[in-house]
Amino acid sequence: MAANSESRVPVLRVRKLNGHPVKVEGKYVLYWMIAARRTRWNFALDRAVELARELDRPLIVLEPLRAGYRWASDRIHRFVIDGMADNAKAFQGTGVVYHPYVEPDPGAGEGLLRGLAGEACVVVTDDFPAFFLPRMIGAAAEKLPARLEAVDSNGILPMRATEQVFARAFDFRRFLQRELKPHLVRLPRRDPLRTKLRPRQRLPDGIAKRWPRATEAVLEGGENVLADLPIDHQVPPAPYGGGAREGRRVLREFLKVRFKRYGEDRNHPDSDGASGLSPYLHFGHVSAHEVLQSLAEHEGWSPENVSGLKSGKRSGWWGMSAAAESFLDQLVTWRELGFNLCVHRDDFDLYESLPEWSRATLEEHASDPRPHVYTLEQFDGAETHDDLWNAAQNQLRMEGRIHNYLRMLWGKKILHWSESPQTALEIMIELNNKYALDGRDPNSYSGIFWVLGRYDRAWGPEREVFGKIRYMSSANTRRKLHVNQYIERWDGWQPSLGF
DNA sequence: ATCGGCTCGCGCAA
DNA sequence: TGCGCGAAGCCGAT
């Protein structure tokens with residue numbers, strides 16, 4: 001088989017993870033969909049389709065959802081299963097066998113992937129640098145009796161286009177301004193399933209029996225489906241749905257309605273100005289390429305409009321409107337900065353990964369008296385003395401997200417009101433990963449660690465607890481932002497009262 | 001309302 | 001080697 005010569009998938013995005021050769025006598029190509037949970041704009045699916053065509057074999061897509069991972073909850077399950085329902089529809093009539101598998105008990109899915117890989121020519125999966133995925137992919141590479149390739153469909157810049165870790169957004173932005181342009185024209189296919197593949201009807205018999213496909217009832221499902229699973233039922237589904245369709249709807253609605261306000265209103269919690277895309281990006285229901293493409297259409301932009309500026313400045317490089325450039329600074333610079341760190345450092349979620357200056361200053365103030373000290377349970381239950389903080393925590397608990405400005409304050413106060421910065425870090429990670437739909441993502445870690453000084457600089461004057469870490473106060477936030485409605489809406493919210 | 005100082009590290013010009 | 005400058009701040013002086 002020709003190695004990649006005709007491939008539309010950039011070489012930098014494909015990693016061969018073990019030494020097995022592609023088996024030309026295998027029965028099918030297997031795509032193990034674990035992060036880019038979508039059927040469009042997906043380099044991994046492109047790669048799998050490409051291999052299936054070259055080998056003239058059918059394609060099987062396995063989309064699993066495990067039961068036993070940390071923070072598994074009704075909220076996360078509902079969102080992922082919504083995505084499976086969309087994918088099931090998208091694969092219908094394409095000749096691809098799509099097998100969504102919802103694991104009933106921890107460990108029940110053990111053997112499914114290996115079983116399918118036994119007859120596969122090659123297994124393709126998604127590269128993702130955070131949560132349990134790197135370990136899971138690494139273990140699979142060793143165990144599977146087939147070649148395993150991981151494909152990076154995360155961002156506009158391939159994660160492995162750089163070896164360096166960037167310590168500040170400014171440095172990374174300047175790098176992007178020098179290096180990103182060629183990547184802007186190497187897009188995944190909008191609809192990779194619009195191609196002729198050798199069709200197949202079903203999985204190998206023994207496998208479908210032992211690990212049955214999630215039924216329609218599960219995919220379209222009521223919450224009683226979730227009730228039977230051994231996951232955290234205290235974290236209810238979010239008041240919005242998951243999946244590629246809903247993600248696309250949010251994207252269209254953002255561009256059509258809220259985009260005009262982006263920049264001016266985005267920071268005011270009382271206005272609804274943010275994109276709302278981050279949960280969909282996290283689960284791969286929406287692709288960064290798709291977002292960029294839609295924005296380009298909206299702006300009448302093409303890659304030739306990119307300017308020659310390479311100063312690292314936040315606007316002016318793309319050649320788009322101010323609102324668009326500020327959005328792209330989030331979508332590309334900040335989002336991919338997080339992936340950059342996670343792909344190069346496996347300690348990205350440890351306190352020790354903080355910059356030297358921030359650890360030093362936090363250390364010096366380790367024994368400062370705290371004005372309040374709350375336990376994890378008190379933080380979790382939004383039981384602090386500060387109603388703005390409690391409101392943010394309640395929004396997180398109920399909606400699975402926090403307004404992007406208040407998220408910073410939320411973290412800064414956890415630092416302020418915990419017995420140590422290490423404890424504060426644990427609490428932030430725990431609450432964010434438990435409740436936020438975009439938790440467990442490289443970007444969530446960027447946000448949490450920013451609170452402790454990552455990607456930031458020192459600020460004077462030196463203060464208690466914070467040292468030279470940038471300080472934020474609820475009082476100033478109230479003055480600066482319109483938060484009255486926000487507090488009214490969220491502060492009094494009780495879990496038992498529902499929505 | 002706006003401004004400077006607080007303070008650190010990095011790239012780049014010199 | 002020195003200079004400029006940076007995700008969202010804070011505070012006191014004007």
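So you know, we letter chains A, B, ... as the sequences are listed, proteins then strands, and number each from 1.
Set against C:dA7, B:dG11, B:dC6, the side chain of A:P461 has B:dC6 as its closest nucleotide. Among the nucleotides C:dA8, B:dG11, B:dC8, the one closest to any side-chain atom of A:W357 is B:dC8. Checked against C:dC10, B:dT7, C:dA7, the side chain of A:K468 finds its nearest nucleotide in B:dT7. When distances run from any side-chain atom of A:Y471 to the nucleotides B:dC8, C:dC10, C:dA7, the shortest one goes to C:dC10. Checked against C:dC11, C:dA7, C:dA8, the side chain of A:W334 finds its nearest nucleotide in C:dA7.
A donor N or O paired with an acceptor N or O is not found under 3.5 Å between the base of B:dG11 and the side-chain atoms of A:R174.
Looking only at atom types and distance, the side chain of A:R335 has no donor-acceptor partner in the side chain of A:S446 under 3.5 Å away. Using modelled atom types and a 3.5 Å distance limit, the side chains of A:D380 and A:Y435 yield a donor-acceptor pair.
Contact annotation: A:R470 does not reach the phosphate of C:dA7 (side-chain N/O to OP1 or OP2, under 4.0 Å). Between A:N404 and C:dA7, a side-chain N or O to OP1/OP2 separation shorter than 4.0 Å is absent. For A:K412 and C:dA8, the shortest distance from a side-chain N or O to OP1 or OP2 is not below 4.0 Å.
A distance-only check finds no donor-acceptor pair linking the side chain of A:E364 to the backbone of A:G467 [under 3.5 Å]. Looking only at distances, no side-chain donor or acceptor of A:R245 sits under 3.5 Å from a matching main-chain atom of A:D86.
A:R454 comes within 4.0 angstrom of no nucleic acid atom, judged by non-hydrogen atoms across all strands. Counting any heavy atom pair closer than 4.0 Å across all strands shown, A:M472 reaches sugar-phosphate atoms only and no base atom. Among the atoms of the strands shown, none is found under 4.0 Å from any heavy atom of A:K310.
Each of A:R178 and A:R168 lies near DNA chain B, and the nucleotide nearest A:R168 is the one positioned closer to the 5' end.
A:R314 has its CZ atom 20 Å from the P atom of C:dG4, to the nearest Å. Between A:R173 atom CZ and B:dC10 atom P the separation is 17 Å, expressed in whole Å. The distance from atom OH of A:Y455 to atom P of C:dA7 is 13 Å, rounded to the nearest whole Å.
In this structure, B:dA13 forms a base pair with C:dT1, meeting either the Watson-Crick or the G-U wobble geometry with both donor-acceptor distances under 3.5 Å.
Exactly one residue among A:F79, A:W41, A:Y240 makes a ring-ring contact (aromatic ring centres under 6.0 Å, His included) with A:H285. That residue is A:F79.
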